[in-house]
2 protein chains.
Amino acid sequence: MLSPQHIFLDYLLKNKMAATEQRRVVLEVFLDADEHWSCEQLYLEVIKKDSTISSATVYRTVKLLVESGVAEQLCFGDGVLRFEPRFNRPHHDHFVCINCKNKIDVVDERIEKLQQCLAEKHGFLLTRHKMILYGICSDCRKK
Amino acid sequence: MLSPQHIFLDYLLKNKMAATEQRRVVLEVFLDADEHWSCEQLYLEVIKKDSTISSATVYRTVKLLVESGVAEQLCFGDGVLRFEPRFNRPHHDHFVCINCKNKIDVVDERIEKLQQCLAEKHGFLLTRHKMILYGICSDCRKK
DNA sequence: GTTATTGCAAAGGCTTTGCATGGGG
DNA sequence: CCCCATGCAAAGCCTTTGCAATAAC
């Protein structure tokens, strides 16, 4: 399987875009993200590696990451778009604790299959999905 | 079962808020929404009934609708928050066509049950969830 | 009458964009 | 060398907020 770096560079090449140092830095920092980062958070990490990179470039590069399929855009409803790598980790859904705001990755193969069935039943060609479960996590329930 | 109107007025009463004409109009227009409306769309409908109502009031009232449980906030990732009534219709999830942008309501009881199981398996207390399926709808597939 | 609510306009936060400069192919 | 990508700052978009006027209770 191709690496995210390879996929992204391929995408740039195919679209006659330059593989600039800034884009490489943003990609590397993004792939290290173990959370669902906003562009702002990503920018704050990026300038630790290269303080001359502007937030505009981060926003522009993140768009390219999404277009190339390396990043997935998430929307938890808090007014900020968030992003996560699509390739370093398998597909998963999200549980968001409405108390402590913690976000945990979850996955259930049976649900995945039923989503496919549901789509087919309606004649849809399912390309991707997002599922967010809201509630109270086990830690917060104990308190 | 209580009507949305009743629930909303109860909520206002309990929180010592006034049942103003503006709030009543926004609620009525909102309940007629057969789509997932943004505040902007809702505002455009509201001023057809009363052109003196400001968009600020619509934004403020929609927040109250969510807090009272009459409205549910949705986030399809297009930079706008959308809302839909929670009481005129049963719970459902969404299918979004990435081609024609049409949004269709779907529901699958087996998925609902598995979501509960999945939450329990992780010790979560599940209060609600959102599931959005992205793909190409049957109409667009024919073209 | 007192207090909450409104409309207006201005400000806010996040994101995009125009433009001149600088770097990649 | 040409053109794309960048940084900067300004603008855009959706949403919130401060304030004086107004209406609800």
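Chain A is the first sequence line, chain B the second, and so forth, proteins listed ahead of strands; every chain is numbered from 1.
A/Glu21 comes within 4.0 angstrom of nothing in the nucleic acid, heavy atoms only. Within 4.0 Å of A/Ala18, counting heavy atoms only, lie sugar-phosphate atoms of the nucleic acid but no base atom. At a threshold of 4.0 angstrom between heavy atoms, the contacts of B/Arg60 include nucleobase atoms, whether or not backbone atoms are also involved. Within 4.0 Å of B/Thr52, counting heavy atoms only, lie sugar-phosphate atoms of the nucleic acid but no base atom. Within the 4.0 angstrom heavy-atom criterion, no nucleotide atom of any strand lies near B/Ser55.
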- Item | ring pair (Phe, Tyr, Trp, His ring centres under 6.0 Å) between B/His129 and A/His94, worked out | CA-CA 10 Å; B/His129 72 265; A/His94 299 278; over 10 Å; no
A/Cys97 vs A/Cys140, disulfide (SG to SG under 2.5 Å): CA-CA, chis, key distance, verdict = CA-CA 8 Å; A/Cys97 178; A/Cys140 288; 3.8 Å; no
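Summarising the geometry, the separation between OH on B/Tyr43 and P on D/dC13 is reported as 16 Å, rounded to the nearest angstrom. D/dC8 atom P lies 11 Å from atom CD1 of A/Ile53, rounded to whole Å. Per the geometry, NZ belonging to B/Lys63 stands 18 Å off P belonging to D/dC14, to the nearest Å. In this structure, B/Arg23 atom CZ and D/dA24 atom C1' are separated by 10 Å, rounded to whole Å. Atom-to-atom, CZ of B/Arg82 to P of D/dC14 comes out at 10 Å; the value is rounded to the nearest Å. Between the CG atom of B/Leu42 and the C1' atom of D/dC14 there is a distance of 15 Å, given to the nearest Å. Atom CZ of B/Arg24 and atom C1' of D/dA23 are 12 Å apart (whole Å).
In terms of the ring-ring contact (aromatic ring centres under 6.0 Å, His included) criterion, B/Phe8 has no residue partners (sequence neighbours excluded).
With D/dT16, D/dT15, D/dT6 as the candidates, the nucleotide lying closest to the side chain of B/Leu81 is D/dT15.
Side chains of B/Arg82 and B/Gln41: a donor-acceptor N/O pair is present below 3.5 angstrom, by distance only.
Between chain A and DNA chain C, the heavy-atom contact criterion of under 4.0 Å yields a 5' to 3' nucleotide range of C/dC14 to C/dG25.
By the 6.0 Å and 45° rule, A/Lys103 does not stack over the aromatic ring of A/Phe95.
Distance check, rounded to the nearest 0.5 Å: NE2 of A/His36 to CZ of A/Phe76 gives 5.0 Å. A distance of 9.5 Å separates NE2 of A/His6 from CG of A/Leu13, quoted to the nearest 0.5 Å.
For B/Thr20, no side-chain nitrogen or oxygen approaches OP1 or OP2 of D/dA23 to under 4.0 Å. Between A/Gln22 and the phosphate of D/dG7, there is a side-chain N or O to OP1/OP2 separation shorter than 4.0 Å.
Projected onto DNA chain D by closest heavy-atom contact, B/Met17 and B/Val80 fall at different nucleotides, the more 5' of which corresponds to B/Val80.
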